[in-house]
Amino acid sequence: MPRLSVIVGSNRPRSNGLPIGSWVVERASALDVFGEVELVDLARIGLPFLDEPEHPSAGNYQHQHTKEWSALVAASDAFVIVLPMYNGGYGAALKNALDFLYAEWRDKPVALLSYSAGSSGGAPAAEGIKPVLGRLGMRVVAPSLAVPGVDELVDRDAGFRPGGETVTDVDALLAELAAELRAPAGGPPVS
């Protein structure tokens with residue numbers, strides 16, 4: 001069964017992304033679709049800003065942190081990226097993590113769950129990162145999910161407490177991701 005990695009696209013201390021990502025892992029693990037579901041916290045991964053001497057497309061990595069990141073991404077069959085919106089866009093830590101690699105991302109499906117304290121739910125950040133994911137050859141699952149008013153939904157002790165509509169939307173997003181996993185690259189889902 002396929003391996004799903006849920007990437008928390010923020011490395012800020014006390015980021016709302018970690019409780020949301022943990023909740024997505026719980027939802028995905030409850031489905032009989034993914035063999036393994038892993039939370040990938042970019043703050044714990046701790047990648048420096050891109051420091052490889054060669055272009056990522058060469059795959060000739062010199063640093064241990066890059067080799068470990070490459071192995072994690074290569075072993076994943078699909079991704080959910082949980083991303084905050086910072087000043088109308090996505091954060092540097094996420095862009096950096098994507099830029100470290102190239103071939104490891106290719107032809108893998110990805111779903112986007114954005115969030116913000118405001119009414120947009122981070123939708124502009126999700127829209128902004130789609131061209132980057134396309135350049136990496138990833139298959140972006142539509143539609144993305146935006147969670148507005150996140151500060152009211154995250155409790156440091158209780159975690160992420162979404163409303164019923166968000167639960168339904170995440171389950172639908174995970175179902176779309178599972179369908180995309182069964183699809184040949186660039187083709188319609190296989191039944």
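No hydrogens, no waters, no symmetry mates; every other heavy atom, side chains included, goes into these values.
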Calculate, to the nearest 0.5 Å, the distance between atoms [atom1] and [atom2] belonging to [X] and [Y] respectively.
X	Y	atom1	atom2	answer
L47	L94	CG	CG	11.0 Å
L50	H63	CG	NE2	9.0 Å
S22	D41	OG	CG	8.5 Å
R139	L133	CZ	CG	13.0 Å
L39	E26	CG	CD	10.5 Å

Please list all pairs passing the side-chain hydrogen bond (donor to acceptor under 3.5 Å, both in side chains) test where one or both residues lie in residues 74-92, with sequence neighbours left out. S5-S76, S10-Y86
Are [X] and [Y] grouped together when hydrophobic residues (ILVMFWY) are joined by side-chain heavy atoms under 4.5 angstrom apart?
X	Y	value
V24	I45	no
V140	L181	no
V110	Y102	yes
V82	L136	no
I7	L173	no

Check: [Y] and [X] side chains under 4.5 Å, non-hydrogen atoms:
X	Y	result
L72	E104	no
L112	I129	yes
E176	P109	no
M85	P124	yes
P19	V154	yes
F160	N16	no
L42	V8	no
R161	W23	no

Please find the pair of heavy atoms, one from [X] and one from [Y], that lie closest to each other, and give the distance.
X	Y	answer
E52	Q62	OE1-N, 2.7 Å
G21	V6	O-CG1, 3.9 Å
L4	L174	CD2-CD2, 4.3 Å
P48	N96	O-ND2, 2.8 Å
G9	P84	O-CD, 3.9 Å
G137	R106	CA-NH1, 3.2 Å

Near [X] [atom1], under 6.0 Å, is it more than 12 heavy atoms from other residues, nucleotides or ligands?
X	atom1	value
D32	CG	no
R3	CZ	yes
E165	CD	no
R44	CZ	no

Does either side chain, that of Y115 or that of S15, offer a donor lying less than 3.5 Å from an acceptor on the other one? yes
Are a donor atom and an acceptor atom from the side chains of N60 and H55 found within less than 3.5 Å of each other? no
From L113, L153, V25, residue fulfilling side chain to side chain contact (heavy atoms under 4.5 Å, CB included) relative to I20: L113
L101 vs T66, side-chain contact (heavy atoms from CB on, under 4.5 Å): CA-CA, chis, key distance, verdict: CA-CA 8 Å; L101 307 174; T66 310; 4.3 Å; yes
Between S114 and E127, is a side-chain contact (heavy atoms from CB on, under 4.5 Å) present by the stated rule, with each step listed? CA-CA 10 Å; S114 63; E127 286 304 310; over 6 Å; no
With sequence neighbours left out, what residues match D171 under salt bridge (Lys or Arg N to Asp or Glu O under 4.0 Å)? R27
Starting from the C-alpha separation in whole Å, work towards a yes-or-no answer on side-chain contact (heavy atoms from CB on, under 4.5 Å) for L177 and V80. CA-CA 9 Å; L177 188 60; V80 173; 3.7 Å; yes
Given side-chain contact (heavy atoms from CB on, under 4.5 Å), test L145 with V170 step by step and report yes or no. CA-CA 7 Å; L145 176 59; V170 163; 3.2 Å; yes
Within the 6.0 Å centroid threshold, strictly below: W105 and F79: yes
